[in-house]
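Since we're looking at a predicted model, the values are computed, not measured.
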Amino acid sequence: QGLVRASDEVKASAKSRATELRGQIDKSITDYEPLIDGAEERKLFDAFVSEWKAALVSYDSVSEMLELDLPDDATDTFVSETRTLHLKASDSLAKLSANEEASARGAVADAASTYTSSATLTVISLLVGIAAGLVLAWLFARSLVGSLRSAVTTATDVANGKLDGARL
């Protein structure tokens, strides 16, 4: 309401800022659309876009009234229709944001579960690998000791003069 009766310089600055914000919002809408990955998110996004477009039409109507030097009509439209449409778009955006927040919390929970599972699997794999390595080392050592015992027995037999190689 204060802007309606403001100086031309202030109005020009506000119009420039509004154009800049509109461009940022339009860019965000365009950039966000390819990221939609579900029916519920699509529904919420489409509702926001639809309500935002309706609000923009009302904003443009207020701007047109100001350009036609109808400040009272512009104020009335802005306070009633434009404000209502803006709040509806804002509520739609809040619902979309809440939906994305819930999805993000779910993704965090899934990531934590996956991390826990992979850490558990890694520890189990390490323990199985260590156990298998110890069993193989024990079997190798047993085989080696058996061969050494046989060699020592043969050497002892030869030293004692038993050269026939027969086992008793």
Side-chain angles (χ1 to χ4, degrees), residues 1-140:
Q1 290 174 355
L3 189 59
V4 168
R5 304 201 192 306
S7 68
D8 289 340
E9 182 180 319
V10 171
K11 286 179 185 177
S13 174
K15 189 173 185 176
S16 172
R17 178 72 178 137
T19 301
E20 179 184 325
L21 288 173
R22 183 181 282 195
Q24 289 174 354
I25 292 170
D26 289 344
K27 182 178 182 331
S28 294
I29 289 170
T30 302
D31 291 348
Y32 185 82
E33 189 164 13
L35 304 175
I36 296 172
D37 61 355
E40 180 66 19
E41 185 179 5
R42 169 58 66 187
K43 179 181 163 190
L44 292 170
F45 176 78
D46 289 343
F48 164 70
V49 170
S50 172
E51 290 170 2
W52 176 245
K53 286 180 181 178
L56 287 179
V57 169
S58 186
Y59 275 117
D60 291 341
S61 175
V62 169
S63 295
E64 184 179 337
M65 287 179 211
L66 289 174
E67 289 172 8
L68 294 172
D69 199 26
L70 300 170
D72 292 334
D73 292 339
T75 300
D76 290 343
T77 301
F78 184 79
V79 169
S80 60
E81 176 187 302
T82 306
R83 181 175 183 272
T84 302
L85 293 172
H86 180 88
L87 290 175
K88 280 181 71 175
S90 181
D91 287 345
S92 291
L93 184 59
K95 288 176 186 174
L96 179 61
S97 179
N99 183 61
E100 284 304 294
E101 180 68 27
S103 294
R105 281 193 300 272
V108 167
D110 289 346
S113 174
T114 301
Y115 173 78
T116 301
S117 297
S118 66
T120 302
L121 184 61
T122 300
V123 168
I124 290 171
S125 296
L126 282 172
L127 292 175
V128 167
I130 290 170
L134 289 173
V135 167
L136 287 173
W138 179 75
L139 289 173
F140 180 71

- prompt: At what distance, to the nearest 0.5 angstrom, does CG of Leu127 lie from OG1 of Thr122?
  reply: 11.0 Å
- request: Would you mind reporting whether Glu100 and Leu35 have side-chain heavy atoms less than 4.5 Å apart?
  value: no
message: Per the ring pair (Phe, Tyr, Trp, His ring centres under 6.0 Å) rule, what does the pair list look like for residues 87-106, sequence neighbours excluded?
response: none
- request: Hey, could you give me the CG/CD distance between Asp31 and Glu33, rounded to the nearest 0.5 Å?
  value: 10.5 Å
Donor-acceptor under 3.5 Å (Ser90 side chain, His86 main chain): no
message: Going by salt bridge (charged side-chain N to carboxylate O under 4.0 Å, His left out), name the pairs with one or both residues in residues 123-136, residues two or more places apart or in two chains.
response: none
message: Given 3.5 Å as the limit, does a donor-acceptor pair link the side chain of Glu41 with the main chain of Asp37, or not?
response: yes
task: Can you establish whether the number of heavy atoms outside Glu40 located under 6.0 Å from its atom CD is more than 12?
output: yes
- prompt: At what distance, to the nearest 0.5 angstrom, does CZ of Phe78 lie from OG of Ser63?
  reply: 9.5 Å
- line: Here the gap from Asp91 atom CG to Leu96 atom CG, rounded to the nearest 0.5 Å, amounts to 12.5 Å
task: Would you check if the side chain of Thr120 reaches a backbone N or O of Thr116 as a donor-acceptor pair within less than 3.5 Å?
output: yes
query: Do any N or O atoms from the side chain of Ser117 and from the backbone of Ser113 form a donor-acceptor pair under 3.5 angstrom?
result: yes
- request: Find the distance between CD (Gln24) and OG1 (Thr19) and round it off to the nearest 0.5 Å.
  value: 11.5 Å
- prompt: Closest approach of Ser58 and Thr77, non-hydrogen atoms and distance?
  reply: OG-CG2, 4.2 Å
Can you give me every donor-acceptor pair (side chain of residues 44-53, partner residue at least two apart or in another chain, under 3.5 Å) with its distance?
from	atom 1	to	atom 2	distance (Å)
Asp46	OD1	Arg42	NH1	3.4
Glu51	OE1	Ser92	OG	2.1

message: Can you confirm whether more than 12 heavy atoms, excluding those of Glu20, are under 6.0 Å from its CD atom?
response: yes
statement: Note: Ser80 and Asp76 closest approach over all heavy atoms is OG-O, 2.7 Å
- line: CD of Glu67 to CD of Glu64, rounded to nearest 0.5 Å, is 7.5 Å
